[in-house]
Amino acid sequence: MTMLKVSNLHAFYDKSHILQGVNFHVNAGEIVSLLGRNGVGRSTTVKTIMGEVEPKGSIEFKGEEIAGLKPFQIAHRGLGYVPENRDIFPTLTVRQNLILGLKGKEENGRWTIDDMFSMFPNLATRADVPGGVLSGGEQQMLCMCRTLMGDPELIMIDEPTEGLAPKVVEQIAVLLQEIASRGVSILLVEQKLSIALKISQRLYVMGHGKVVYEGTPSSLLEAHDVRAEWLEV
Amino acid sequence: MSEVFIFATLNGLVTGLLLFMLASGLTLIFSMMGVLNFAHASFYMLGAYFAYTISGVIGFWGGLLFAPLIVGAIGAIVERYGLRRVHASGHVAELVFTFGLAFLIEELVQFFWGRDTKNYQSPEIFDFALFSLFGQEFSAYRGFMIFIAIAIFAGLYVVLTRSRVGIIIQAAISHPNTVANLGHNVPFIFMCVFGTGTALAGIAGVIAGPVLTTFPGMATVLGSIVFIIVVIGGLGSLPGALIASLLVGLLQSYAIASDVGMPELLTLLGISFDRNHPLNDLWTLNLPQIAPVLPYLLLVLVLIFKPTGLMGNREE
Ligand SMILES: Nc1ncnc2c1ncn2[C@@H]1O[C@H](COP(=O)(O)OP(=O)(O)O)[C@@H](O)[C@H]1O
Ligand SMILES: [Mg+2]
């Protein structure tokens with residue numbers, strides 16, 4: 001089943017035409033990566049899907065057209081989004097940050113606060129300290145956990161490994177696999193190939209506001225020309 | 001001397017808490033919109049007038065309950081159908097809108113209730129002295145004002161810092177987009193905050209109306225002082241607004257209570273002057289006379305020494 005289907009998606013910042021007909025899809029239970037160099041429009045793509053940037057074109061989620069809905073309505077349809085700026089609320093405690101992710105009063109989804117604490121003992125021991133004092137890696141974990149509290153069926157995660165130490169990147173890969181194992185689809189935005197090759201079933205490469213390559217980790221490993229033209233720096 | 005001090009402190013507390021009822025709502029709304037709501041004190045005036053009319057029919061307590069609800073509902077409607085639409089046109093348009101609203105409300109009040117001062121009285125059950133000290137009486141109604149104000153602030157504090165709704169509001173004010181992405185309806189939250197802020201101003205009007213008199217200029221009188229307070233406290237800071245409200249309330253109250261004149265003060269400072277000096281009128285002013293100017297003086301001092309206000313730390 002197709003969870004998310006993006007067809008001929010265009011987006012603008014003022015007059016500049018950033019997305020120029022993006023096409024891709026994510027199936028239920030899949031981990032799909034959206035790769036590309038800085039500035040090619042990956043973040044704009046997820047922001048447009050989430051309704052933060054005005055979409056032109058079609059975005060279907062679970063068969064329903066969601067282009068034109070507001071971000072909070074899209075979140076309620078079951079789409080989760082972890083932005084690249086790790087926007088935790090610095091003055092609220094770790095626990096309060098997690099509570100913010102809940103859409104209702106109750107924890108009745110796939111995830112509970114205790115789940116998060118048992119996966120990340122670091123967060124558990126600092127449950128009542130302000131989120132602002134956490135390290136970059138811990139903030140990234142908190143940000144992902146917070147979105148999971150809203151029980152999304154598909155989660156879009158923008159550059160979770162950016163600027164983090166290899167050990168933390170490893171932890172993130174483990175969490176992503178745990179998320180997928182609970183039946184949540186993942187759209188992973190990355191610049192580096194490292195974890196994307198390891199955990200995704202399919203991947204797309206973007207260049208200049210369009211998808212320029214679609215394949216699997218093994219096919220991309222062989223496509224030296226694609227990597228040279230669109231990925232390597 | 002000490003009884004003068006005690007009474008001045010209590011009266012300053014009453015004024016300060018009353019000012020904070022307006023300043024707190026204004027601060028919350030400022031944090032949300034990024035502009036000062038010039039019509040905020042007009043909602044305070046509406047509270048007093050509605051309470052005056054309602055209390056004439058069903059008594060003071062009915063007014064205390066319903067007037068703030070009506071004012072809050074009007075506030076929510078103003079946000080939903082006025083400010084939210086104007087917001088797209090930028091801050092200047094929003095400012096002009098709230099300016100216009102303040103004039104409109106003042107005109108409407110004069111149209112429906114007339115220009116004269118209304119005989120809005122505190123209820124009879126408060127017509128006794130709560131206590132008297134050295135022959136001076138402290139009225140029960142003033143005690144009641146202190147009680148109501150503190151009860152409301154305690155309630156608000158608990159809701160804002162302990163409840164899930166409070167957490168969502170705090171986060172929505174500082175990070176609206178992130179909160180929306182998590183599935184919360186931020187415009188609706190803002191409408192509720194605006195409604196609550198104006199209702200709070202309405203409550204202040206209901207309980208201050210009988211003491212500070214209910215007349216069409218009451219919004220202007222208090223409005224400018226409330227603006228000064230939020231600037232002194234630091235724009236957007238609730239603790240700052242509380243400190244500044246109490247500071248201004250106490251300062252004015254002490255100044256009014258003291259009958260120290262400028263000559264005594266100046267002599268104390270070792271400055272002597274000539275009776276025939278052309279500025280003699282200035283020298284002979286006494287503190288109660290300059291009490292209304294004190295908040296402005298405080299504002300200037302704070303802006304000189306800490307331009308962001310007492311608790312403000314805005315970088316932009
Ligand atoms: N808020 C913005 N306003 C104007 N241009 C922007 C904005 N955000 C991104 N851009 C531009 O859009 C292009 C795509 O950016 P982005 O989607 O962030 O790329 P990526 O996430 O792939 O690095 C870039 O050229 C960037 O400069
Ligand atoms: Mg990006």
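Side-chain atoms are counted along with the backbone in the values below, which use heavy atoms only and exclude waters and symmetry mates. A note on names: the letters A, B, ... follow the listed sequences, proteins ahead of strands, and every chain is numbered from 1.
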(message) Which residues in residues 157-168 of chain B have any heavy atom closer than 4.5 Å to a heavy atom of chain A?
(response) Thr161(B), Arg164(B), Ile167(B), Ile168(B)

(request) Indicate whether the side chain of Glu52(A) and that of Asn181(B) have a donor and an acceptor atom separated by less than 3.5 Å. (result) yes

(request) Count the heavy atoms belonging to other residues, nucleotides or ligands that lie under 6.0 Å from CD of Glu64(A), then report whether that count exceeds 12. (result) yes

(message) Is Lys105(A) close to chain B through its backbone or its side chain, or both, or neither, when contacts mean heavy atoms under 4.5 Å?
(response) both

(request) Take atom CZ of Phe188(B) as the centre, draw a 6.0 Å sphere, and report whether it contains more than 12 heavy atoms from other residues, nucleotides or ligands. (result) no

(request) Give a yes or no on this: more than 12 heavy atoms of other residues, nucleotides or ligands lie within 6.0 Å of atom CD of Glu54(A). (result) no

(request) Decide if atom NE2 of His10(A) counts as having more than 12 heavy atoms of other residues, nucleotides or ligands within a radius under 6.0 Å. (result) yes

(request) Report the option among Met149(A), Lys70(A), Arg146(A) that has the most heavy-atom pairs separated by less than 4.5 Å from atoms of chain B. (result) Arg146(A)

(message) Quick check: under 4.5 Å, non-hydrogen atoms only, which of residues 71-102 of chain A neighbour chain B?
(response) Pro71(A), Phe72(A), Ala75(A), His76(A), Tyr81(A), Asp87(A), Ile88(A), Phe89(A), Pro90(A), Leu92(A), Gln96(A), Ile99(A), Leu100(A), Gly101(A), Leu102(A)

